[in-house]
Amino acid sequence: MFDEADENYDPVLIESIIDFDPNTMCVEQESSDIIDTLRGWLSDSVPSHIDIDSIDSFSDHSEIFSFEIPLNRKEWLVEDLASKRQRSPRLFEFLVLLLGKPQYKSYASFIDKAKGVFQIYQPEKVAELWQSVKSRQSNQRMTYDKFARAIRWYYKSNIMQKTNTRYTFQFSSKTLKNYFVDENNNTKLSLKS
DNA sequence: TGCGGAAATA
DNA sequence: TATTTCCGCA
């Protein structure tokens, strides 16, 4: 059906083929065949010791989706409003960019985009990615623990809100207002601290 | 795991 | 200044 080696292969396109109703959280009947096919692929690509049925959205998927996503630094630059210069993103900007990239959906994705609530599925992968994208480099390894602490600093400045749920974070309404002023799927970062 | 103080650092 | 690092507490 779809061949990954095919240059026309597009995971986003596949997604649009499946008729998913966000209200009922169910897929339409016609889509079930496609789901089964995808499930078949998963069976072939996932290590045999892993029970696919045991995989849920709250587990760390790093063992399952262990393939590397090539890093393209340019994709992670933001334009500084003041200087009009390209620069590495701040942590919250990194999060906005990450959530906007379909290829990173297995890393983290929105649970409730309108409220800015998102969940991280591969904590250490995200922390690792943050380390390679951020401006301020260090010799030590970025861990989810430190990554999460940095996010918690945002509570005080009201850039983020507490969720008190495992691997789940939320942008504040203020941040949502200032950084999601886009109407399409293009992420707009209109800075204004 | 999440939280947040305290101190260090790019 | 914006995290990063370390860590005791819940």
Side-chain angles (χ1 to χ4, degrees), chain A residues 25 47 49-66 68-69 71-101 103-182 187-193:
Chain A
M25 295 298 277
H49 67 277
I50 296 176
D51 174 16
I52 292 181
D53 291 314
S54 72
I55 298 174
D56 62 71
S57 61
F58 293 94
S59 62
D60 185 333
H61 295 179
S62 58
E63 189 183 3
I64 306 149
F65 302 101
S66 57
E68 290 300 319
I69 294 178
L71 174 67
N72 182 349
R73 279 198 162 279
K74 290 181 181 176
E75 278 186 25
W76 299 96
L77 295 177
V78 296
E79 184 180 284
D80 191 280
L81 283 193
S83 64
K84 261 301 188 184
R85 286 279 184 177
Q86 295 279 297
R87 40 156 260 251
S88 296
R90 283 185 55 186
L91 179 54
F92 70 90
E93 293 170 328
F94 162 75
L95 291 172
V96 172
L97 291 174
L98 178 68
L99 265 0
K101 297 179 187 302
Q103 67 268 42
Y104 285 104
K105 277 188 174 177
S106 69
Y107 278 43
S109 53
F110 279 112
I111 287 179
D112 186 333
K113 191 168 184 180
K115 290 182 178 175
V117 182
F118 62 93
Q119 179 163 179
I120 293 177
Y121 303 120
Q122 299 187 63
E124 297 307 330
K125 281 280 188 181
V126 173
E128 215 171 89
L129 183 57
W130 166 235
Q131 174 161 43
S132 57
V133 163
K134 68 192 169 77
S135 166
R136 189 183 149 192
Q137 290 300 317
S138 163
N139 336 306
Q140 297 182 64
R141 182 188 182 75
M142 176 53 64
T143 62
Y144 173 72
D145 180 62
K146 292 186 284 185
F147 171 80
R149 177 68 188 94
I151 290 181
R152 291 198 291 276
W153 268 111
Y154 284 148
Y155 295 157
K156 189 153 61 180
S157 54
N158 195 34
I159 287 178
M160 301 268 227
Q161 280 171 23
K162 281 185 202 173
T163 258
N164 283 309
T165 306
R166 191 169 173 242
Y167 302 141
T168 305
F169 299 91
Q170 177 171 199
F171 289 107
S172 69
S173 54
K174 164 198 167 191
T175 302
L176 240 31
K177 188 180 179 182
N178 291 166
Y179 307 93
F180 291 95
V181 212
D182 55 316
T187 308
K188 211 154 199 169
L189 295 175
S190 59
L191 302 209
K192 193 208 77 178
S193 268

Quiz item: For Leu97(A) and Pro89(A), which heavy atoms make the closest approach, and how far apart are they?
Solution: CD1-CB, 4.2 Å
Quiz item: Roughly how many Å is it from CZ in Arg87(A) to P in dT1(C), rounded to a whole number?
Solution: 16 Å
Quiz item: Just to confirm, is there a sub-4.0 Å distance from OP1 or OP2 of dG2(B) to any side-chain nitrogen or oxygen of Tyr155(A)?
Solution: no
Quiz item: Can you tell me if Thr175(A) uses its side chain to pair, donor with acceptor, with the backbone of Ser173(A) under 3.5 Å?
Solution: no
Exercise. List for me each residue that meets side-chain hydrogen bond (donor to acceptor under 3.5 Å, both in side chains) alongside Gln170(A), sequence neighbours excluded, and say none if there are none.
Key: none
Quiz prompt | side chain to side chain contact (heavy atoms under 4.5 Å, CB included) partners of Arg152(A), counting only residues at least two apart | solution = Ala148(A), Arg149(A), Tyr155(A)
Quiz item: Got a donor-acceptor contact below 3.5 angstrom from the Lys125(A) side chain to the Ser106(A) backbone?
Solution: no
Exercise. Give one of base, sugar-phosphate or nothing for Phe94(A), where a contact means two heavy atoms less than 4.0 Å apart.
Key: nothing
What are the atom names and distances for every N/O pair under 3.5 Å that joins the protein to nucleotides 5-9 of chain B?
| from | atom 1 | to | atom 2 | distance (Å) |
| --- | --- | --- | --- | --- |
| dG5(B) | N7 | Arg149(A) | NH2 | 2.9 |
| dG5(B) | O6 | Arg149(A) | NE | 2.7 |
| dT9(B) | O2 | Arg136(A) | NH2 | 2.6 |

Quiz item: Could you give the CD-to-C1' distance, from Gln137(A) to dA2(C), as a whole number of Å?
Solution: 14 Å
Quiz item: Within this structure, what is the CD1-to-C1' distance between Ile159(A) and dA2(C), rounded to whole angstrom?
Solution: 10 Å
Quiz item: For residues 138-147 of chain A, which residues have at least one heavy atom under 4.0 Å from DNA chain C?
Solution: Ser138(A), Gln140(A), Met142(A), Asp145(A), Lys146(A)
Review item, side-chain donor-acceptor pairs of residues 126-139 of chain A, under 3.5 Å, at least two apart:
| from | atom 1 | to | atom 2 | distance (Å) |
| --- | --- | --- | --- | --- |
| Glu128(A) | OE2 | Arg141(A) | NH2 | 3.0 |
| Gln131(A) | OE1 | Met142(A) | N | 3.2 |
| Gln131(A) | NE2 | Gln140(A) | O | 2.6 |
| Ser132(A) | OG | Leu129(A) | O | 2.9 |
| Lys134(A) | NZ | Arg136(A) | O | 2.5 |
| Gln137(A) | NE2 | Gln131(A) | O | 3.0 |
| Gln137(A) | NE2 | Lys134(A) | O | 2.8 |
| Ser138(A) | OG | Gln140(A) | N | 3.1 |

Quiz prompt | Nearest-angstrom distance from the residue atom CZ of Phe169(A) to P of dT1(B) | solution = 11 Å
Practice problem: Please determine if a side-chain N or O atom of Lys134(A) lies less than 4.0 Å away from the OP1 or OP2 oxygen of dA2(C). | Solution: no
Quiz item: What residues, two or more places apart in sequence or in another chain, satisfy ring pair (Phe, Tyr, Trp, His ring centres under 6.0 Å) together with Tyr104(A)?
Solution: Trp76(A), Tyr107(A)
Exercise. Quickly work out the Ile151(A) CD1 to dA2(C) P distance and round it to whole Å.
Key: 16 Å
Self-check item: Validation row: Leu77(A), Arg87(A) side chains within 4.5 angstrom (heavy atoms)
Solution: no
Quiz item: Side chain of Tyr167(A): nearest nucleotide among dT1(B), dT3(C), dG4(B)?
Solution: dT1(B)
Quiz item: Can the ring centres of Tyr154(A) and Phe171(A) be said to be less than 6.0 Å apart?
Solution: no
Practice problem: Would you kindly compare Lys162(A) and Ser135(A) by the position of their nearest DNA chain B nucleotide and give the one closer to the 5′ end? | Solution: Lys162(A)
Self-check item: Atom pair distance, as rounded to whole Å: CH2 in Trp130(A) and P in dA2(C)
Solution: 12 Å
